[in-house]
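In what follows, a structure is listed as structure tokens, so that the remarks can point back to it.
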2 protein chains.
Amino acid sequence: MTTRTASRRRADERREYDAFMADCPARKLLDRISDKWVSLILTALAGGPMRYSDINRRIAGVSQKMLTQTLRTMERDGLLSRTVTASVPVRVDYRLTSLGESLLPLMAAVKAWAETHMPQVERAQAAYDEALAP
Amino acid sequence: MTTRTASRRRADERREYDAFMADCPARKLLDRISDKWVSLILTALAGGPMRYSDINRRIAGVSQKMLTQTLRTMERDGLLSRTVTASVPVRVDYRLTSLGESLLPLMAAVKAWAETHMPQVERAQAAYDEALAP
DNA sequence: CGGCATCCAGCGCGATACTG
DNA sequence: CAGTATCGCGCTGGATGCCG
């Protein structure tokens, strides 16, 4: 019955997620994607699939624990897919899913904002600290 | 000497910040703004200045410690300004600076992404967990 | 190569109590 | 009302060692 399906679909779309609510799932999702490693991994994968070791090299200073852990969470959330090529040695590739690609431009913009607005932020910090210790 | 100033300005602009570098200041800035409280405070202030207690009520589940702490950091980074009105009782208003307003649309988009893509993420999680425990 | 398991130091963060 | 101060626990996240 298409009426049923259509009304079900409308009901689903009407379900409202609001990150301002403490126990909303969207709040936890927002928390998970609001992470510098997520930003960096997403933007690193912008150019296409990459091997684990390539990502590790691209993102300086990330421990392999945090990298693996973040990759797992992102995979579980459907942001990227993991492909193991059985060879010796093993080869593992990560690539963005369409879901991940939909998030990419947003996170890339945030990362770019941080890089381009550093001078203004540093000036603001200097002014703030100066006001406190005159 | 305007030549000096212009060349200095060009030199500043040429300074490259890269969040992929471990010790780049932009990495730490990215870390600071990649925070759910920053997203929520920013979007809460989108409609105009708000009092501390209003922000506290708008963002459910935030402790006053985290709220105050995040507001301080954002103020120091120049994202918002704090205004104290000496009255009884005291009134404190927070409003976005132009720098904060430049970041707002990006964070609002990330928050909106989390809210609108929850169904897809939940499906991805279900599929991931199903594959692990068949 | 690309992990996983373990240990443990540090501090993030909440809870609570007190103030101008 | 809008904080500051203090305590204490949990969890994050780095370091290390082992494995298919």
Side-chain angles (χ1 to χ4, degrees), chain A residues 19 21-23 27-41 44-45 49-77 80-95 128 131-133, chain B residues 19 21-23 27-41 44-45 49-77 80-95 128 131-133:
Chain A
M21 301 296 137
D23 50 353
R27 166 76 69 93
K28 289 197 281 293
L29 177 58
L30 180 62
D31 196 23
R32 258 173 285 136
I33 63 179
S34 295
D35 182 301
K36 65 170 180 282
W37 302 129
V38 171
S39 302
L40 294 172
I41 291 174
L45 290 175
M50 287 181 76
R51 300 186 58 167
Y52 179 89
S53 51
D54 291 332
I55 304 175
N56 197 19
R57 220 170 303 110
R58 184 74 227 270
I59 304 177
V62 64
S63 67
Q64 112 272 45
K65 174 176 179 176
M66 284 314 296
L67 183 54
T68 301
Q69 183 175 297
T70 308
L71 286 168
R72 283 290 177 282
T73 304
M74 292 174 70
E75 186 193 3
R76 181 166 186 267
D77 283 339
L80 48 81
S81 64
R82 176 173 177 271
T83 309
V84 180
T85 304
S87 60
V88 181
V90 158
R91 174 197 176 99
V92 179
D93 287 272
Y94 292 91
R95 58 168 301 177
Y128 183 91
L132 279 186
Chain B
M21 299 298 136
D23 51 353
R27 166 76 69 94
K28 288 198 282 293
L29 177 58
L30 180 62
D31 195 23
R32 257 173 285 139
I33 63 179
S34 295
D35 182 300
K36 64 169 180 285
W37 301 130
V38 172
S39 303
L40 294 173
I41 290 173
L45 290 176
M50 288 180 77
R51 300 185 58 167
Y52 178 89
S53 51
D54 292 331
I55 303 175
N56 196 20
R57 220 170 301 110
R58 181 78 229 267
I59 304 177
V62 64
S63 66
Q64 107 275 42
K65 174 176 178 175
M66 283 314 296
L67 183 54
T68 302
Q69 183 176 297
T70 308
L71 285 168
R72 284 289 178 282
T73 305
M74 292 174 70
E75 187 193 1
R76 181 166 186 265
D77 283 339
L80 48 81
S81 63
R82 177 174 177 270
T83 309
V84 181
T85 304
S87 59
V88 182
V90 158
R91 174 197 178 101
V92 179
D93 287 272
Y94 292 90
R95 58 168 301 174
Y128 183 92
L132 279 185

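Side-chain atoms of A:Leu40 and B:Leu30, non-hydrogen and from C-beta on, do get closer than 4.5 Å to each other. Looking at heavy atoms from C-beta onward, A:Gln69 lies out of side-chain contact with A:Leu71 at the 4.5 angstrom threshold. Side-chain contact between A:Ile41 and A:Val62 is absent, with no heavy atoms from C-beta onward closer than 4.5 Å. In this structure, the side chains of B:Trp37 and B:Ile59 come closer than 4.5 Å at one or more pairs of heavy atoms.
Close to C:dG3, at under 4.0 Å from its OP1 or OP2, lies no side-chain N or O of A:Thr68. For A:Tyr52 and C:dC4, the shortest distance from a side-chain N or O to OP1 or OP2 is not below 4.0 Å. At C:dG2, one or more side-chain N or O atoms of A:Arg51 fall inside 4.0 Å of OP1 or OP2 (strictly under the cut-off).
Taking atom CG of B:Asp31 as the reference point, atom C1' of C:dG12 lies 12 Å away to the nearest angstrom. At whole-Å resolution of the value, CG in A:Asp93 and C1' in C:dG2 are 12 Å apart. In this structure, the CG atom of A:Leu67 is 15 Å from the P atom of C:dC1, given to the nearest Å. Atom CG in A:Asn56 sits roughly 11 Å away from atom C1' in C:dG3 (whole-Å rounding). Between the P atom of C:dG2 and the OH atom of A:Tyr94 lies a distance of 9 Å, rounded to the nearest Å. Rounded to whole angstrom, the span from the CD1 atom of A:Ile55 across to the P atom of C:dG2 amounts to 9 Å. Summarising the geometry, the separation between CG on B:Leu71 and P on C:dC13 is reported as 15 Å, rounded to the nearest angstrom.
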What N/O pairs connect the protein and nucleotides 10-16 of chain D at under 3.5 Å? Give each pair on its own line.
{"from": "D:dG13", "atom 1": "N7", "to": "A:Lys65", "atom 2": "NZ", "distance (Å)": "2.8"}
{"from": "D:dG14", "atom 1": "OP2", "to": "A:Ser63", "atom 2": "OG", "distance (Å)": "2.6"}
{"from": "D:dG14", "atom 1": "O6", "to": "A:Lys65", "atom 2": "NZ", "distance (Å)": "2.6"}

Identify the pairs formed between an N or O of the protein and an N or O of nucleotides 18-20 of chain C at a distance under 3.5 Å, and give each distance.
none

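Not a single side chain to side chain donor-acceptor pair (under 3.5 Å) links A:Ser81 to another residue, sequence neighbours left out. With sequence neighbours excluded, no residue forms a salt bridge (charged side-chain N to carboxylate O under 4.0 Å, His left out) with B:Arg72. For A:Thr73, the side chain to side chain donor-acceptor pair (under 3.5 Å) test picks out no residue, with sequence neighbours left out. Among residues two or more places apart in sequence or in another chain, the side chain to side chain contact (heavy atoms under 4.5 Å, CB included) test is passed with B:Gln64 by B:Tyr52. With sequence neighbours excluded, no residue forms a side chain to side chain donor-acceptor pair (under 3.5 Å) with B:Arg51. With sequence neighbours excluded, the residues satisfying side chain to side chain contact (heavy atoms under 4.5 Å, CB included) with B:Asp31 are A:Lys36. By the side chain to side chain donor-acceptor pair (under 3.5 Å) test, B:Arg95 is found to be paired with no residue, residues two or more places apart in sequence or in another chain being considered.
To the nearest 0.5 Å, the span separating CD1 on B:Ile55 from CG on B:Leu45 amounts to 4.5 Å.
For the helix from C:dC1-D:dG20 to C:dG20-D:dC1, the angle separating the two terminal helix axes comes to 60°, with each axis derived from five pairs and the value rounded to 10°.
Side-chain atoms of B:Arg27 come within 3.5 Å of backbone N or O of A:Ala60 as a donor-acceptor pair.
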For residues 84-94 of chain A, which side-chain donor-acceptor pairs fall under 3.5 Å, sequence neighbours excluded?
{"from": "A:Ser87", "atom 1": "OG", "to": "A:Pro89", "atom 2": "O", "distance (Å)": "2.8"}
{"from": "A:Arg91", "atom 1": "NE", "to": "A:Asp93", "atom 2": "OD2", "distance (Å)": "2.8"}
{"from": "A:Tyr94", "atom 1": "OH", "to": "A:Arg82", "atom 2": "NE", "distance (Å)": "3.3"}

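Residues from residues 81-88 of chain A that place a heavy atom under 4.0 Å from any atom of DNA chain D: there are none.
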